[in-house]
S.K.: 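So that we are looking at the same thing, I have put the structure below in structure tokens.
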Amino acid sequence: MIFKKDLPEKTMDKKFRVFATCDIGEAIDVLRKRGYEVEVYPHPEAPPKSLILDKVKSGVDGLITTLRDPIDAEVFEAGKGKLKVVAQIAVGFDNINRADANRYKIPFTHTADVLTEATAEFAFFMMGTLARKMWTAEHLTREHQWGYWHPYLPFLGDEVTGKTVAVIGTGRIGLAFIKKSVGFDMNVLCYDPAYENQAFVRTIQEIHDLRHARGLVKDKAWIKYVPFEEALRGADFVSVHVPLLRAGESATPTYHLFNEKTLSLMKSTAYLVNTSRGPVVDEAALALALRENWIAGAALDVYEQEPLPADSPLRDPAIADRCRLMPHFASAARITRLSTDPDKGMAGRCAQGLIDVLEGNYGGDVTKMPYVVNKEGFGK
Ligand code: GLV
């Protein structure tokens, strides 16, 4: 790792030019100290695509992007012969057209792993906030509506401990979510369209068995993989952790995986939590499900369109007590977002991914670079 203190800073013979579509903090200084010429888009909003095209046409070697930037054939064509890498500060990369990147032979990197725990814990907190009605309860206090202590008025929430959660998608973040659910003695219904991690499930079951055997819990919790419909039917909570895959991108697309049909399978007392990607949930269907009480509530961090439009049906005041809306914030913790250490922070990992490609680390073999996503585009 190049940022470790015992290594001297390397100054490049060649000056690489980089355009960053947003500021990623001190990791930009790390690149500049290595001799890179880095231009940072100065506004917090995403730059227009025309500006990204202009920068790429001007001959930058690398682009630092976020999940808000559409990166496709038009961008790769504009950078033909010059653009060498796209380094995305996010684990998700559905904004980058993978087939186009492969066609133009441009590696792109992402920042998996370093945001796993932050995202999983945020999903867990959203679940608790939603079920225990914390937002509504605080409003009650702030708006001077708290007139008495009463056993069940004006409303009650639902416990999380000992309940059954369906974890939809058992990649890194789904598994981290499950680890956190162990402390709350939750039963887990796992579903993953691509891969079943049975070894992980066995380990979690062993921990549940031990907690029970040692008298820490009265009822032994369980975990198992089940088909999607069974997971939805059996769960008190559903937490979504799948990548966004549109039709044609995968044999098991996830676009609108949650729609009128699948939402109607959930219990009327169940809650939905989505920290994955907005288009995995059909928002019109979800708003209907909430209005008509098909389900008890939903907490969302991601949306079909971001930022959430003013006229979104999810903003309907009639469902405000059971619909929590977060601003795509699950990985937004200090160290997770900004540490320059590639083993800790998205910014550090993003810069390292860029450096690996531009400086030809790993003998210049893209397929060996840990943060490159589209390795398949560079095989023999
Ligand atoms: C956030 O949503 C990410 O993909 O990193």
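These numbers come from a predicted model, not from an experiment. One-based numbering, in listed order, for ligands and for the atoms of each.
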S.K.: Side chain or backbone, does Gly92 bring an N or O within less than 3.5 Å of an N or O on ligand 1?
M.R.: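 Looking only at distances, the answer is yes, because the N/O contact criterion of under 3.5 Å is met.
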
S.K.: Quick test: of every protein heavy atom, which one is nearest to atom 5 (O) of ligand 1, and how far off is it to 0.1 Å?
M.R.: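 The closest one turns out to be Val91 N, 2.8 Å.
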
S.K.: Heavy atom under 4.0 Å from ligand 1: found in Leu67's side chain, backbone, both, or neither?
M.R.: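 The answer is the side chain of Leu67.
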
S.K.: If the cut-off is 4.0 Å to any non-hydrogen atom of Ala90, which atoms of ligand 1 fall inside it?
M.R.: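 The list of qualifying atoms is 3 (C), 4 (O), 5 (O).
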
S.K.: Please verify whether a non-hydrogen atom of His110 lies at under 4.0 Å from ligand 1.
M.R.: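 No, His110 has no heavy atoms under 4.0 Å from ligand 1.
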
S.K.: Does the ring center of Tyr152 lie less than 6.0 Å from the ring center of His150?
M.R.: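 Yes: the rings meet the under 6.0 Å criterion.
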
S.K.: Would you please indicate yes or no on a ring centroid separation below 6.0 angstrom for Tyr225 and Tyr195?
M.R.: no

S.K.: In terms of atom number and element, which parts of ligand 1 are under 4.0 angstrom from non-hydrogen atoms of Leu115?
M.R.: 5 (O)

S.K.: Tell me if the centroids of the rings in His110 and Phe108 come within less than 6.0 Å of each other.
M.R.: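 For His110 and Phe108, the ring centres are not under 6.0 Å apart.
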
S.K.: In the hydrophobic cluster built from side-chain contacts under 4.5 Å, what are the other members alongside Leu67?
M.R.: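 Cluster partners of Leu67: none, it stands alone.
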
S.K.: If you count the atoms of ligand 1 from 1 in the order shown, which ones are under 4.0 Å from a heavy atom of His328?
M.R.: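 Counting atoms of ligand 1 from 1, those under 4.0 Å from His328 are 1 (C), 2 (O).
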
S.K.: Does Arg277 reach ligand 1 with a nitrogen or oxygen that is under 3.5 Å from one of the ligand's nitrogen or oxygen atoms?
M.R.: yes

S.K.: Are any of the side-chain heavy atoms of Arg68 and Cys22 separated by less than 4.5 Å?
M.R.: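 A side-chain contact under 4.5 Å exists here.
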
S.K.: According to side-chain contact (heavy atoms from CB on, under 4.5 Å), who are the partners of Thr252, at least two apart in sequence or on a separate chain?
M.R.: Pro193, Ser250

